[in-house]
Amino acid sequence: MISNYRKALPAFVLVVAFCVSHAVAQQPSPDEAIYKKIDVQISKMTLEEKVGMLHASSSFTSGGVPRLGIPELVTSDGPHGVRLEHGRDWRTDNDHVDDSATYLPTGVCLASTWDPQLGYAYGTVLGSEANARGKDVILGPGINIIRSPLNGRNFEYESEDPYLVSKMAVGYIKGVQDQDVSACVKHFLANNQETQRTSINVLMSERALREIYLPGFKAAVEKGGVYSVMGAYNKFRGEWCTENAYLVNNILKGEFGFKGILMSDWGAVHHTAEALWNGTDLEMGSDLLGLPYNKFLLADTVVALVKKGVIDPQTIDDKVRRILYVMYKIHKFGNRKPGAFSTKAHFAIAQKVAEEGIVLLKNNSLLPLDASAIHSIAVIGANATRPQSEGGGSSQVRTRYEITPLEGIKRIAGDGIHLTYSPGYRIAKDATADRALIDSAVEAAKKADIAVIVGGWTHGYNNYAWDDNAYDAEGIDKTDMAMPFGQDSLIAAVVKANPRTVVVLVGGGPVDMTSWINETPAVLESWYAGSEGGDALAGILFGRVSPSGKLPMTFPKTLAESPVRALGQFPGDSTTVEYDDDIFVGYRYFDTWKVKPQFAFGHGLSYTTFQYSNLTVTTHGQTAVVSLAITNTGHRAGAEVVQVYVKQNHCTLRRPEKELKGFEKVFLQPGETRNVTLTLQKDAFQYYNDLRHAWTLDPGAFTILCGSASDDIRASKVIFIK
Ligand code: GLC
């Protein structure tokens, strides 16, 4: 017989459970508690104090309220390292300040790792160092879609593919923000060129907006929880991005539910009322327009407009609330975790990103180099000795050290290998092929077992002037993909003199290599690989590291074959650029129009080989579970990025041949097999029907394609989604 006690037990438990849940329900959520504090603070502020928070108080800070213990918000560039100190005034260049930071590989190299966990580690370094330098907001990541190979700032960005951008940005943002620093995802939206960046009006279809240009920002807000977004310089469909009700109020703050700060790019605010009404919470950088801080567009004028009843005070309060919300989220008012600066651990992460991001494009068995069988190496090329960290514009970093490719090769080669160095070409404005330099490089190559040419792009002609912009830099776009300084002639001559030549390309994107690629046995893309880039490159050349980088953008054979030349406009005319390439950006174009690129999106070789087997795809309603086995069938450890693309076999509206909808990087020992399982949610099958203004899934047959690159599919299955 069950005692009365036991009978009563279920009811008792229910009552306790109810009380506990009720009590918990009464506890304010962390954000509710924050907003309660914020409301108290705002209730104590004068109108002038509130408005003082909505604009810069110096080149990189915005106003606080000292009377109430509210400090300024301190921002700093940049996306791949804490920028050298600017002090209180833009042009105070404290050369003497020992503010040298970890120079992380730039965004495009991080994206080439296809390793979201590494993205988190990257963000951790950046956030910790910003925190240590007293910064509240680090102005990165830059995630503008790489629409054209000519955009000068591609090196700072990530990819041509919105899914890869989304996955890598989320890791980075969480890494930064877990260090009690706000990330600031930029530039919202469609800042995909530098030409006329502060005036160009970008036009695109709603489908291109939803399928290509918005997803990275959507993921940053909804999955990354980003606290700040930077409004871009350009116009979007006729409205400045900093006063664009559709982009900011409707989409960012409405659809995405963004609760943080929309801060302007520096000098990107144009009209007081429109900026207030249509989204800008914080005006930065208008001192670049010659305005004193109290005469910024969101400064004294706002006080007058509120007092006249033109601007609703609630509008001001909402912006102050957003700024204070971010301050609480980064523990600005107390209990902030300590930062760390330029530590060995940080440089080690920089090296890992470089090792995983450098891409082996071509290898006719020349690599890895066998140090025991090599007696001499001729290192050639001005980029072999060129530090890059302080170039490129606002993303510049002053770093404690930067291992150049030549230094890296020296450190790994040791005394057993005789090294020579020849510049091979000159980096100077209008520099062309230098016959004497080429001849001496050829002579050196002839005498060596191996020649390693390090060429490619550069930020500027002068390494250390941030505004010396030449190729991969802010404020400028390239005019074509031809390598400058006569490098093609150098490469052709050296390869002819010594067929055992490796070409290493530095830069933020592709070059036209058609004149020498067929004769060159090995080619790597090493991007701007950060403080430890030279060691990472050398480790790959000598096989200490098996390369695992995969291209985050397509490398066209020629500029003419890129979609912005074949389909769209770049950089547009004096006022407008129309994205006629629409959704067909990068591989979405090359695959659909069946144009073979030099190297495809997702391409990257390893020193080992991988077998794909046992692919199964099981559907559950409108989701699909993709499983397959990956085996390392070679003799070296290595990592493979298993890429999963989706193709809709028959569609109502034209869709790309395939689209990346999943990937996973697996590290395997020789002979090791790993099962990879990825779940494709409904959105992996949808497209945006801008005739119906809705994400749409047309039931029918889809092909799931799994491979090592977009042009290297190893296994596929047709499934039916109802
Ligand atoms: C620049 C850049 C932006 C940078 C800001 C502050 O113009 O567009 O990326 O963070 O100004 O330097």
Side-chain angles (χ1 to χ4, degrees), residues 55-62 73-93 99 101 106-108 126 130 133 135-145 151-158 169 172-173 176 181-200 202 216-217 220 226-236 240-242 261-270 280 282-289 291 296 390-398 459 465-467 469 472-477 508:
H55 61 83
S57 52
S58 80
S59 50
F60 281 87
T61 61
S62 58
L73 191 72
V74 184
T75 73
S76 172
D77 290 309
H80 46 263
V82 181
R83 190 177 182 186
L84 65 149
E85 193 49 65
H86 280 262
R88 291 287 298 174
D89 294 307
W90 180 266
R91 297 297 173 199
T92 308
D93 199 359
D99 56 4
T106 68
V108 74
L126 196 53
R133 287 274 298 287
K135 313 297 181 185
D136 302 318
V137 184
I138 191 76
L139 302 171
I143 65 165
N144 291 107
I145 288 289
N151 177 16
R153 291 184 84 172
N154 283 343
F155 74 98
E156 287 186 64
Y157 300 154
E158 292 186 359
Y172 174 124
I173 288 164
V176 168
V181 169
S182 168
C184 183
V185 67
K186 66 187 186 182
H187 306 85
F188 189 72
L189 172 113
N191 180 186
N192 306 100
Q193 65 188 57
E194 289 302 288
T195 307
Q196 302 181 103
R197 66 171 177 162
T198 60
S199 61
I200 198 77
V202 176
F217 291 98
V226 74
Y227 298 147
S228 302
V229 176
M230 185 182 290
Y233 280 123
N234 52 281
K235 288 181 181 177
F236 176 79
W240 296 109
C241 284
T242 54
I261 304 168
L262 189 283
M263 76 169 73
S264 73
D265 201 340
W266 266 235
V269 170
H270 295 269
T280 294
L282 177 54
E283 175 191 8
M284 297 302 288
S286 300
D287 48 317
L288 292 175
L289 310 177
L291 297 177
F296 272 33
E390 295 199 37
S394 62
S395 62
Q396 62 174 173
V397 180
R398 173 164 301 154
H459 290 308
W466 88 272
D467 55 357
N469 298 336
D472 286 326
E474 183 172 341
I476 193 167
D477 292 327

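We count ligands from 1, going down the list as the structure has it; atoms in each ligand are counted the same way. The structure presented is a predicted model; accordingly, all values stated were derived computationally and were not measured.
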Atoms in ligand 1 flagged as close to K186, the criterion being non-hydrogen separation under 4.0 Å: 3 (C), 4 (C), 9 (O), 10 (O)
For ligand 1, which atoms have a heavy atom of L139 less than 4.0 angstrom away? 10 (O)
For the backbone of V82 and the side chain of S76, can you confirm whether one donor and one acceptor N or O come within less than 3.5 Å of each other? no
Rounded distance [0.5 Å steps], CZ in R83 versus CZ in R398: 11.0 Å
Between S228 and S182, is there a side-chain donor-acceptor contact under 3.5 Å, judged purely by atom types and distance? yes
At the 4.0 Å heavy-atom cut-off, does M284 count as touching ligand 1? no
Should R153 be listed as contacting ligand 1, given a heavy-atom distance under 4.0 Å as the test? yes
Where does the angle between the aromatic ring planes of F188 and F217 fall among parallel (under 30°), tilted (30 to 60°) and perpendicular (over 60°)? perpendicular
Can you list the residues that meet the side chain to side chain contact (heavy atoms under 4.5 Å, CB included) rule with T195, with sequence neighbours excluded? Q193, D477, P571
Is it the side chain (CB and beyond), the backbone, both or neither of R83 that lies under 4.0 Å from ligand 1, heavy atoms counted? side chain
Atom indices of ligand 1, in the order listed, that fall short of 4.0 Å to a heavy atom of D77: 4 (C), 6 (C), 10 (O), 12 (O)
Mode of R197 contact toward ligand 1 - side chain, backbone, both, neither (heavy atoms, under 4.0 Å): side chain
Quick one: sort the H55 and F296 rings into parallel, tilted or perpendicular, breaks at 30° and 60°. tilted
Decide whether the shortest distance between a heavy atom of E156 and an atom of ligand 1 is less than 4.0 Å. no
